[in-house]
Number of protein chains: 2
Amino acid sequence: MTKKPTEPANGHPPAARQVPMRDFSRSLPMSLLRAREAVMRQFRPSLREHGLTEQQWRILRALAAIEAVEVTELARTAFLLGPSLSRILRDLEARNLIERKTAKADQRRSMVSISKEGLKLMASVAPTSEAIYAEITRRFGARKLAELQEMLGELERSLAGLGGADETIAEE
Amino acid sequence: MTKKPTEPANGHPPAARQVPMRDFSRSLPMSLLRAREAVMRQFRPSLREHGLTEQQWRILRALAAIEAVEVTELARTAFLLGPSLSRILRDLEARNLIERKTAKADQRRSMVSISKEGLKLMASVAPTSEAIYAEITRRFGARKLAELQEMLGELERSLAGLGGADETIAEE
DNA sequence: GCGAGATACTTAACATGTTAAGTGAATGCG
DNA sequence: CGCATTCACTTAACATGTTAAGTATCTCGC
């Protein structure tokens, strides 16, 4: 074991850089993607054991903190797009982990809440999840973790209102 | 400043916190997800105009820096899973943006390279992409950006070899 | 009140993420 | 050699990301 399967011979490519660009592997999006994947890799197995995906878990967590929410608000909280949320809610409802009822005042809105079963499932997952988070904090350092999150928040804020496109309001 | 994470007197939801957990919206995975989305939101419209998705763009960028690579190595570089890459390469090849040829020495491997057309497309996208990156850097600050990326790298490294599960080597 | 427009979702369609299984080609070992 | 194992990829199947279109409901001006 620990055998090198294939030696590419070249430690690094001889490079034929034909288009001038930053080193791709060091771009901000890639850094963020890799960091997030490194973190999520820790959680996924545990969630999987409980039959939950990352997104389903996000939804349950968001619901556990409140009585009930509209779908749109839940989408914002769990950071999911409407269509994704719509599908997931359908499945979670079929599994009796959440409940839905249309609002009285506005028949368009539907109020979502976590069910007793959903709470039970959460209670069974939470300890492991918290332990993993604690281990990550221990490894990386609580102070640095707080700093990192602060920077991420700043980054987010500094890009707010720079909507990439179709952000032209009241213009033609 | 230096506000405690869990403010009991939060002006947010009436709270029916039934399962003890961290404030979900401030978890590390969510911070990373939101930050990355804030960044990618800037690039997607431009890529879309050129008929490229984020992942296709990653592949082209990775290919532009070298002569040719095996699929597995490309997957590592572009941070894509094999199946995703396999599909995308099929499409990029159909659009004549890349070329493939099986290696002589090992018929299993296929060497992928960017085509002349692919390079032309890249050249047409790169300026806008670089401009967006520059604007992000300007807004957030070059120094802070470097710091952030350093921290993200540290986070990644500190979690390496903590494979969440099925990481048990030489065991049964 | 009523019809145009706005809202809150949902469906649809296509691309990717993710895991498992399949296929053909090399390798290692008896 | 023979053949089980390993490799490098590809397919398959299901879940989500992403954009566009559809549906029912509500709001508002006239």
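Since this is a predicted model, take the numbers as computed values, not measurements. Order of the sequence lines sets the chain letters (A, B, ...), proteins ahead of strands, with each chain counted from 1.
- Within the model, atoms CE of Met30(B) and CG of Leu32(B) stand 10.5 Å from one another, a figure rounded to the nearest 0.5 Å.
- One can place CD of Glu49(A) at 13 Å from P of dT19(C), the figure rounded to the nearest angstrom.
- The side chain of Arg100(B) places an N or O atom within less than 4.0 Å of a non-bridging phosphate oxygen (OP1 or OP2) of dT10(D).
- Of the two residues contacting DNA chain D, namely Gly82(A) and Ala105(A), the nearest-nucleotide position lying further toward the 5' end is that of Gly82(A).
- For the pair Arg90(B) and dT10(D), the criterion of a side-chain N or O lying under 4.0 Å from OP1 or OP2 is not met.
- In this model, the phosphate group of dG17(D) is not approached by any side-chain N or O of Gln55(B) to a distance below 4.0 Å at OP1 or OP2.
- The minimum heavy-atom distance linking Ser25(B) with Arg34(B) is given by the pair O-NH2, 2.8 Å.
- Closest to the Leu80(B) side chain, of the nucleotides dG17(D), dG17(C), dA12(D), is dG17(C).
- Annotation: side chain of Leu89(B) is in contact with side chain of Val112(B) (closest heavy-atom distance under 4.5 Å).
- Both Met40(A) and Met151(B) are assigned to one and the same hydrophobic cluster, defined by single-linkage of ILVMFWY side chains at heavy-atom distances under 4.5 Å.
- The separation between Met111(A) atom CE and dA8(C) atom P is 12 Å, rounded to whole Å.
- In this structure, the nucleotide among dT11(C), dA26(C), dT18(C) sitting nearest to the side chain of Leu81(B) is dT18(C).
- Distance CZ (Phe79(A)) to C1' (dG17(D)): 12 Å, rounded to an integer number of Å.
- Not one side-chain nitrogen or oxygen of Arg108(B) sits closer than 4.0 Å to the OP1 or OP2 atom of dC9(D).
- In this structure, Arg48(A) atom CZ and dA15(D) atom C1' are separated by 11 Å, rounded to whole Å.
- Atom pair Glu70(A):CD and dT25(D):P shows a separation of 17 Å (rounding to whole Å applied).
- One finds no side-chain N or O of Thr72(B) lying less than 4.0 angstrom from the OP1 or OP2 phosphate oxygen of dC7(D).
- The distance from atom CD of Gln56(A) to atom C1' of dT16(D) is 10 Å, rounded to the nearest whole Å.
- The separation between Arg87(A) atom CZ and dA12(C) atom P is 12 Å, rounded to whole Å.
- Judged by closest nucleotide on DNA chain D, Asp91(A) is the one of Asp91(A) and Asp106(A) placed further toward the 5' end.
- Taking atom CZ on Arg76(A) and atom C1' on dT7(C), their separation rounds to 13 Å, with Å as the unit.
- At the heavy-atom level, Ile88(A) lies under 4.0 Å from the strands shown only through sugar-phosphate atoms.
- Looking at heavy atoms from C-beta onward, Glu93(B) lies out of side-chain contact with Arg90(B) at the 4.5 angstrom threshold.
- Checking Leu74(B), Leu92(B), Thr72(B) one by one against Leu85(B), the side-chain contact (heavy atoms from CB on, under 4.5 Å) holds for a single residue, Leu74(B).
- When each of dT16(C), dC9(C), dA20(D) is scored by its nearest atom to the side-chain atoms of Pro83(A), the top-ranked nucleotide is dA20(D).
- Positionally, the nearest nucleotide of DNA chain C for Leu89(A) lies more toward the 5' end than for the other of Arg44(A) and Leu89(A).
- When the side-chain nitrogen and oxygen atoms of Ser84(B) are compared with OP1 and OP2 of dT16(C), none of them lie within a distance under 4.0 Å.
- When distances are taken from the side chain of Gln107(B) to each of dT18(D), dA26(C), dA20(C), the shortest belongs to dA26(C).
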